[in-house]
Each structure stands twice: as structure tokens, then as C-alpha cells.
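Report on one structure; see the data block that follows.
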Amino acid sequence: TFPGLPKWRKTHLTYRIVNYTLDLPREAVDSAFEKALKAWEEVTPLTFSKIYEGEADIMIFFAVREHGDFIPFDGPGNILGHAYAPGPGINGDAHFDDDEQWTKDTSGTNLFLVAAHEFGHSLGLYHSADPTALMYPVYNPRTDLTRFRLAQDDVNGVQSLYGPPPMSSPDGPAGPTESVPPEPGTPATCDPALSFDAVSSLRGEILFFKDRHFWRKSLRTPEPGFYLISSFWPSLPSGLDAAYEETSKDIVFTFKGNQFWAIRGTEVQAGYPKGIHTLGFPPSVTKIDAALFDKEKEKTYFFVEDKYWRFDEKTQSVEPDFPKKIADDFPGVDSKVDAAFEAFGFYYFFSGSSQLEFDPNAKKVTHVLKTNSWLNC
Amino acid sequence: YPVDRAAEDKDSNMDLLQQYLENYYDLAKDVKQFVRRRDSGPVVKKIREMQKFLGLEVTGKLDPDTLAMIRKPRCGVPDVGQFT
């Protein structure tokens with residue numbers, strides 16, 4: 001953040017594109033700025049609207065050389081733009097050097113990337129020393145802009161000023177007058193009492209969800225990564241109940257309360273959240289405790305209190321004769337299940353700080369482990 | 001007379017470094033005269049500060065990696081110091 005911690009004292013901000021570069025069609029410029037603001041909007045309570053006349057909080061100019069603020073641009077290369085910390089007048093404004101060749105892709109200077117960086121300043125972020133962060137001062141053209149996301153450092157920075165976005169809830173998003181619930185503390189990886197909210201595979205990695213965070217364990221790298229859920233999927237709620245990956249569809253389904261979301265990679269799929277009752281659960285089921293997908297059988301198991309349902313992914317329906325008692329079909333799994341997933345032909349059940357490895361063919365528990373055994377503890 | 005290209009390049013690199021440190025690392029104007037003295041304390045300190053911030057090897061010298069970094073396009077907001 002800037003010295004003195006300047007920040008906006010309101011959550012709804014206006015922006016105005018005062019002039020346009022001739023390098024790109026106007027709609028491409030509009031789209032780049034809109035997308036750049038959206039990147040910040042997704043991880044904060046801030047919202048932005050465009051105005052066409054008068055003074056906006058963020059006034060956006062393209063300019064060359066000296067352009068009225070005594071900090072001249074320098075021709076092609078080197079300085080690409082600059083922006084001012086939040087405040088009245090010139091503060092909050094973003095200027096782009098029109099001696100650059102602005103492009104939609106990375107063949108020239110990508111306008112979206114530079115705009116997203118400059119708007120970070122407009123919101124109160126200073127430069128970051130983290131080379132992976134958007135707020136690192138040196139331009140870094142990402143090869144795959146479709147998969148762009150803010151780095152954890154960017155999210156931490158902007159959320160230190162404005163907090164996280166309002167949580168989604170069955171009653172709809174929190175309104176501007178509602179208070180944001182207190183943030184749960186950051187869980188310690190090797191806390192012997194650590195429990196998980198949900199566990200799922202994702203494209204060969206394993207995700208362990210806890211409150212606002214998740215650990216990402218790749219079998220190729222020894223150390224798990226630790227991230228905010230909102231930094232990957234800004235519209236997902238924290239404190240998930242259950243999650244599973246339907247590998248043949250490349251979709252991870254996440255559950256909270258009576259709703260569920262479908263995510264593919266970093267994209268939350270359109271049309272979600274949906275109600276869990278659309279899957280065929282009776283009205284008495286108000287939340288799912290855990291879910292796992294068996295790749296071999298192409299069936300998903302949903303665990304709710306001491307019962308479970310089996311869901312046929314091919315017919316998209318709950319199978320008849322369910323629910324059944326968990327303890328009857330998974331001998332040894334006696335307590336309520338917090339989270340579950342399948343790996344290497346075994347089912348892993350998490351309950352508090354304990355984890356059971358279950359062989360579905362032998363129908364018995366083969367190992368009792370600590371919940372955080374996957375995190376090198 | 002033939003131009004001494006090596007000396008010219010060196011001067012131009014030093015100018016670039018001086019400008020970079022002034023713009024982004026709050027190098028004081030009165031330190032300017034010392035930039036070309038490689039052992040100048042304030043300049044070495046600023047180079048080290050820059051190298052550390054940008055994630056380069058901290059040598060305190062204008063080495064090739066540092067030179068390459070300061071030639072890259074970047075944001076015009078200073079990395080350190082008071083923002084005006």
C-alpha cells in the first residue's frame with residue numbers, strides 16, 4: 001500500500017475513459033478496462049460503473065510525453081503508464097502512454113495487463129516485490145491471458161484495504177448495509193487438531209478446503225501450496241461443506257448449504273449455484289457433509305450425517321434404495337464424515353483430526369491416519 | 001577520429017542507471033555526481049535496494065541482469081520512496 005494508506009472510503013466507484021488510443025477499436029479498449037476493473041471487483045466489495053461526462057473517481061487518459069501532471073511519458077518503451085493513489089482530483093486517475101503499441105494480445109503491449117496493474121494503484125496498492133504479482137512494477141506479458149488471475153500477494157494487498165467480497169448465501173449476496181462476518185483465522189497446516197471442510201481432486205492435484213483457504217497438493221511437488229479460495233474462484237463461498245471432481249467432465253462440484261457450484265479449472269460455470277434438491281435429494285436434506293466420485297464405477301457418494309446416497313453420473317439421478325447407513329456399507333467408518341475423496345482405488349474419509357483409508361473392494365479400513373498426513377505433517 | 005564504442009555504451013548505461021534510480025528509487029539529486037564512481041556508497045546502496053526489490057542477485061553493481069531488468073518496460077510509479 002502507499003505511504004499513509006490512502007484508500008477509497010466508499011465501495012462504489014466511477015470511472016471515465018476520457019480519450020481512446022487509435023491502436024485498438026474503441027470496444028476493445030472498453031473491454032480491456034472493464035475486464036481489468038473486474039479482476040479487482042471479484043476479490044473485494046468494490047463495484048465500478050462507467051460514466052461518460054463529468055469527474056469520475058478514476059479518470060482514464062491516453063497521453064504522450066508531458067501531459068499535464070509534470071510526470072511526462074518517455075516515448076515508446078520503458079514507462080507504459082502510471083496512476084495515482086485514491087483521493088480527489090487527479091488521485092485515482094490512470095494514464096497510459098500512447099507512444100506504446102497497445103494490443104489485445106501480447107504482440108504489443110497488452111492493454112488489459114497494464115490497466116489491471118494501474119488500477120491496482122488507483123485502488124491504493126503500491127508496487128509489490130513479488131515477481132508473480134500483478135503489482136510487480138516490470139511488465140510481464142503472460143502467455144495465456146484467458147487464464148489470468150491475481151496473485152495471492154495482490155489479493156492480500158487489496159483485501160487488506162477493502163476486505164473480501166461479500167459472501168454468497170442462500171439468501172443472496174450481502175447488501176451494502178450488512179456487516180461482513182468476521183474472518184476466520186488462518187489455519188495452521190500441521191496443527192494436530194486440523195480438520196477439513198471438503199476435499200477434492202482437480203486435474204491430478206488434490207485440494208483440501210478449510211474456511212476461506214485451501215491447500216493444493218500436487219503429487220509432482222513435495223510442498224503443498226496454500227491459497228485463498230477467492231483468489232481462484234472469487235464467486236465461491238468460503239466454508240464449503242463438500243466437493244468432488246467428476247473427472248470425465250473435468251468439473252469440480254462444490255457444495256455449501258442447499259446450493260452447489262460447478263467449476264472447470266478457474267471458471268465457475270454459468271447457471272450455478274443450483275439447489276441440491278435438483279440432484280434428487282429429499283427436502284429433509286439441507287446440506288451435504290462430504291462427497292466422493294468413484295472413477296471406476298462412475299458413481300458419486302454423498303454423505304449426510306450417518307447416511308449416504310449413491311448418485312449415478314450417467315443417468316444423473318440418485319439410485320433407488322438409498323439412503324443407506326454409512327456404517328453398514330463402510331464398516332469402520334462410524335463417525336460423521338467431514339470430507340472424502342478417492343485416490344489410487346482407495347476412499348479417504350476425514351472426520352475431525354482423523355483420516356481413514358478404506359478399500360472399497362475388501363470393504364475394510366486399511367489405514368488410520370492424521371487428517372493432515374497429505375500435507376507432509 | 002573513431003568513436004570509442006565501449007566507453008560510449010558504458011556512459012549510456014550509467015545514464016540509464018542514474019535515471020532509473022532517480023525515478024524509481026528516490027536517488028537524491030546531490031548523489032548524481034557520484035553515480036559514475038562505482039564505489040559510491042549511496043549509489044551502491046540504491047543499486048542493492050533495487051536488486052533486492054526486483055528479485056535480482058544483490059551485487060551492488062550494474063551487472064548484465066540488472067541492466068537487462070532496467071531496460072524492460074514498466075510502470076512509471078516509483079518502487080520506493082514518497083509517491084508524489
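Computed from a predicted structure; not experimentally measured. Only heavy atoms go into these numbers, but all of them, side chains included; no hydrogens, no water, no symmetry mates. Numbers restart at 1 for each chain; the letters A, B, ... are given by sequence-line order, proteins then strands.
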Please flag which part of A:F70 lies under 4.5 Å from any non-hydrogen atom of chain B: side chain, backbone, both or neither.
neither
Measure the shortest side-chain to side-chain distance between A:Y162 and A:W40 over non-hydrogen atoms and say whether it is less than 4.5 angstrom.
no
A:S160 side chain reached by A:T1 side chain, heavy atoms, under 4.5 Å
yes
With a 4.5 angstrom heavy-atom cut-off, could you sort out which part of A:S128 is near chain B: side chain, backbone, both or neither?
backbone
Are the side chain of A:Q152 and the backbone of A:S231 linked by a donor-acceptor contact shorter than 3.5 Å?
no
Would you call B:R74 and A:L80 a side-chain contact if the rule is heavy atoms closer than 4.5 Å?
no
Could you look at A:E118 and say if it's the side chain, the backbone, both or neither that has a heavy atom under 4.5 Å from chain B?
side chain
